Amino acid sequence: MKVTVVGAGNVGATCAQRIAECSIADVYLVDVVEGLAAGKALDLAEAAPVVDHGSRIEGGTGYAPAEGSDVVVITAGIARKPGMSRDDLLATNGKIATQVVENVMKYAPDAILLMVANPLDVTTYIAQQVSGHPRERVFGMAGVLDTARFRAFIAMELGCAPGDVTAMVLGGHGDSMVPLPRHSTVSGIPITELIPADRIEAIVDRTRKGGAEIVGLLKTGSAFYAPSAAVTQMVASILRDEKRILPTCVQLTGEYGLDDVFVGVPAKLGSSGVEEVIELDLNDEEMAALHSSADAVRETVAAWKGMNA
Ligand code: APR
């Protein structure tokens, strides 16, 4: 198995490390900056004897070594800097996503594309447009990260094992995301029976602002340990055909009453990529929140189309 990771920054390099150390696949790391991917790949390869894994890791600036990849993870992009508008970020990262997917298609046209760069729902849309892949083979990572944050905060609140907490977050990756307390449990017990409503509200709010909280602490740069863990779980489910049901940014074709929009919903991930989109039974309030989140994604896609008209 082979995974190409595009972007050898914090998220990309940590994805390469986790994928290699779990012996899921060989990894090719690529970055536009001369020496960056090659240097990090060599450093990771030199750790292999100590960590004791057998994955091959190489890095470079070209795309030819991506040939034969089963999955391509795309983290290339810039982080939003102070004073930068969302549209500025969209313009830059949208162009980078376009260029990267064009390059990937030359050498790995059959690879499943897993988008990570923000604004996630739009870079995933762009990847689908540029690659022409069906929705099964082009999707994005955001929900596993948002859900991981929600689960971590629930575990902190209750002082319980994070692994015992299951949770679900739907919608776009941003302020409009839709955490679902009703579908979140600790060892099968709904959190609504364990945590008072006002505390759940506070946890939901912290989840929505999870990315900004990390940026505020780090000052320079954004989260990468939890994002790379989330990517690795999705990649493992695909390459090992685990068929895990994970929140995934995927194009909807009528599910949840939504059509032709990329938003986070639970999906079964196996060797063919997205093998099934799961439709949860949402109440009116949850459905309205999901539709309003989808509207926010549509607006950003419209802004991108406007920039390229
Ligand atoms: N081709 C390849 N690599 C590129 C390109 C390009 N056209 N443009 C930028 N890059 C590389 C940069 O050189 C840099 O090494 O992408 C990398 C991004 O790394 P960081 O700046 O460290 O950003 P990171 O924290 O990894 O986040 C990457 O993931 O979670 C999202 O919001 C985050 O959009 C951001 C992305």
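When a ligand or atom number is given, it counts from 1 through the structure's own listing order. Predicted model only: the values in this text are computed from it and were never measured.
Protein heavy atoms are absent from the 4.0 Å sphere centred on atom 23 (O) of ligand 1.
Distance from atom 5 (C) of ligand 1 to its nearest protein heavy atom, with residue and atom name: V32 CG1, 3.6 Å. Protein heavy atom at the shortest distance from atom 36 (C) of ligand 1 is T75 O, 3.3 Å. In terms of protein heavy-atom proximity, atom 4 (C) of ligand 1 is nearest to A76 CB, 3.5 Å. Looking from atom 7 (N) of ligand 1 to the surrounding protein, the closest heavy atom is Q99 OE1, 2.9 Å. The protein atom (non-hydrogen) at minimum distance from atom 34 (O) of ligand 1 is N118 N, 3.0 Å. Given atom 18 (C) of ligand 1, the protein heavy atom at minimum distance is G77 O, 3.3 Å. Of all protein heavy atoms, the one closest to atom 14 (C) of ligand 1 is D31 OD2, 3.4 Å. The nearest protein atom to atom 19 (O) of ligand 1, hydrogens excluded, is given as G9 CA, 3.2 Å; this is a heavy-atom distance.
Residues Y256 and V263 form no side-chain contact, since every pair of their non-hydrogen atoms from C-beta on lies 4.5 Å or further apart.
R135 has a carboxylate O that lies under 4.0 Å from a charged side-chain N of E255, or vice versa, which qualifies the two as a salt bridge. Checked for salt-bridge contact, R199 and E201 miss the test: no charged N lies under 4.0 Å from a carboxylate O.
With a 4.0 Å heavy-atom cut-off, ligand 1 is reached by no atom of V30.
No path of Ile, Leu, Val, Met, Phe, Trp and Tyr side chains, each step under 4.5 Å between heavy atoms, connects L170 with F153, placing them in separate hydrophobic clusters.
T14 and S228 share no donor-acceptor pair across their side chains, judged by distance under 3.5 Å alone.
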Stepwise side-chain hydrogen bond (donor to acceptor under 3.5 Å, both in side chains) test for H173 and D146: CA-CA 8 Å; H173 184 49; D146 296 329; 3.0 Å; yes
Output, in order, the C-alpha distance, side-chain angles, deciding distance and verdict of side-chain hydrogen bond (donor to acceptor under 3.5 Å, both in side chains) for T207 and R149. CA-CA 6 Å; T207 302; R149 288 181 172 144; over 6 Å; no
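Distances between N or O atoms of V11 and those of ligand 1 include at least one value under 3.5 Å.
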